[in-house]
Amino acid sequence: MNKPLFAIAVALGIASVAAVHAQAPAAVSRAPAINDAQIANIVYTADQIDITAAKQALKKSRNEDVRAFAKEMVRDHAAVNAQALTLVKKLDVTPENNPTSESLSKGAAAELKKLAVLKGAAYDKAYVDNEVAYHKTVNAALSGTLIPAAQNAQLKSLLETGLKLFQEHQMHAEHLARQLH
Amino acid sequence: MFRTMILIASLALAGGSLPASAATKAAQHATAPAHVVHVIVIDKMQYGPMPTDVHAGDIIEWVNHDIFEHSATARDGRFDVDLKPGATVRMTTVAGTTAFFCKFHPGMTGTLVVK
């Protein structure tokens with residue numbers, strides 16, 4: 001695993017451990033380690049990261065399959081974020097910055113820099129490999145941490161639909177990676 | 001019925017193209033079975049239950065309740081319906097069993113049986 005991805009995995013891992021602590025019987029009176037405002041921020045950040053990476057792919061890649069995948073990422077992740085923004089407004093929740101979303105952004109910025117210097121087939125392969133790894137990490141965080149921790153039913157439902165969507169993206173990226181290798 | 005037949009016959013004898021055509025349509029209305037509309041809802045990244053007892057000529061109404069763009073794309077190329085978020089699109093069926101999927105999210109699949 002490359003360094004930015006490792007950082008993301010560690011950050012999400014920390015959130016996961018915290019969530020497990022929150023569910024322990026001794027912590028009945030304690031507030032959840034991760035609240036809905038933080039979850040909304042993490043999801044929004046994770047979506048935004050993938051949109052930015054896809055936009056970079058649309059500038060750099062000439063491979064039709066890679067470009068079609070990138071367009072799908074922009075379209076689907078933008079749809080999730082539009083829904084997330086509508087939901088936070090409706091719930092009157094202000095998305096809160098937190099160590100996980102900060103770490104996600106930091107790791108993604110480093111990954112974008114790394115991808116920026118690559119060209120042609122090397123870029124396509126690196127972009128798609130990163131998409132496989134990124135979706136795997138985000139899906140693990142969604143199913144293991146964010147969905148169980150979400151308190152609001154509408155947010156939970158959005159995360160569950162998001163998980164199904166991102167699992168599709170992971171499969172699509174894996175299929176594409178097999179084509180490129 | 002007898003009166004209708006007389007009317008159709010006299011219209012045919014009159015030789016007017018418009019009345020003859022109207023009569024044909026009227027006759028078709030009287031005899032053709034009604035085409036049923038079957039609704040398939042897409043929600044939360046999956047196709048809803050498939051309608052049963054679908055006959056050739058019936059209408060399938062695809063309703064996309066998701067916030068994502070989907071499609072209903074037949075594996076044999078028989079149909080390819082694009083469904084923007086919130087869209088409702090109708091198509092007329094032909095007999096046969098057709099496996100279909102979403103071309104944007106290939107994990108979404110279904111099979112439509114038309115008698």
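Quick note on labels: first sequence line is chain A, next is B, and so on, each numbered from 1. These numbers come from the heavy atoms of this one structure, side chains and all, not from hydrogens, waters or symmetry mates.
- Under a hydrophobic-cluster definition in which Ile, Leu, Val, Met, Phe, Trp and Tyr are linked whenever side-chain heavy atoms come within less than 4.5 Å, directly or via other members, A:Ile39 and A:Ile49 are assigned to the same cluster.
- Here the closest non-hydrogen pair linking A:Leu158 and B:Ile67 is CD1-CD1, 4.4 Å.
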- Message: If you apply the rule side chain to side chain contact (heavy atoms under 4.5 Å, CB included), what do you find for B:Phe104 with A:Asp76, and how did you get there?
- Response: CA-CA 10 Å; B:Phe104 305 114; A:Asp76 284 352; 5.7 Å; no
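- Closest non-hydrogen pair, A:Glu168 versus B:Met108, comes out as OE2-N, 3.5 Å.
- The distance from the CG atom of B:Asp66 to the CG atom of A:Leu165 is 8.5 Å, given to the nearest 0.5 Å.
- Hydrophobic clustering, with ILVMFWY side chains joined whenever heavy atoms are under 4.5 angstrom apart, keeps A:Leu176 apart from A:Ile51.
- Here A:Glu160 does not pair with B:Lys44 in a salt bridge; the nearest charged N to carboxylate O distance is not below 4.0 Å.
- B:Val41 and B:Phe101 fall into different hydrophobic clusters, where Ile, Leu, Val, Met, Phe, Trp and Tyr side chains are chained together by heavy-atom contacts under 4.5 Å.
- Heavy atoms of other residues, nucleotides or ligands lying less than 6.0 angstrom from NZ of A:Lys164 number more than 12.
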- A:Glu72 and B:His105: CA distance, side-chain angles, deciding distance, side chain to side chain contact (heavy atoms under 4.5 Å, CB included) verdict: CA-CA 9 Å; A:Glu72 183 184 320; B:His105 312 107; 4.1 Å; yes
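- Transitive grouping of hydrophobic side chains (ILVMFWY, heavy atoms separated by less than 4.5 Å) keeps A:Leu115 and A:Val132 in distinct clusters.
- Within a 6.0 Å sphere centred on NE2 of A:His175, other residues, nucleotides and ligands contribute 12 heavy atoms or fewer.
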- Give the C-alpha distance, both sets of side-chain angles, the deciding distance and a yes or no for side chain to side chain contact (heavy atoms under 4.5 Å, CB included) between A:Gln167 and B:Met45. CA-CA 11 Å; A:Gln167 284 168 340; B:Met45 294 293 295; over 6 Å; no
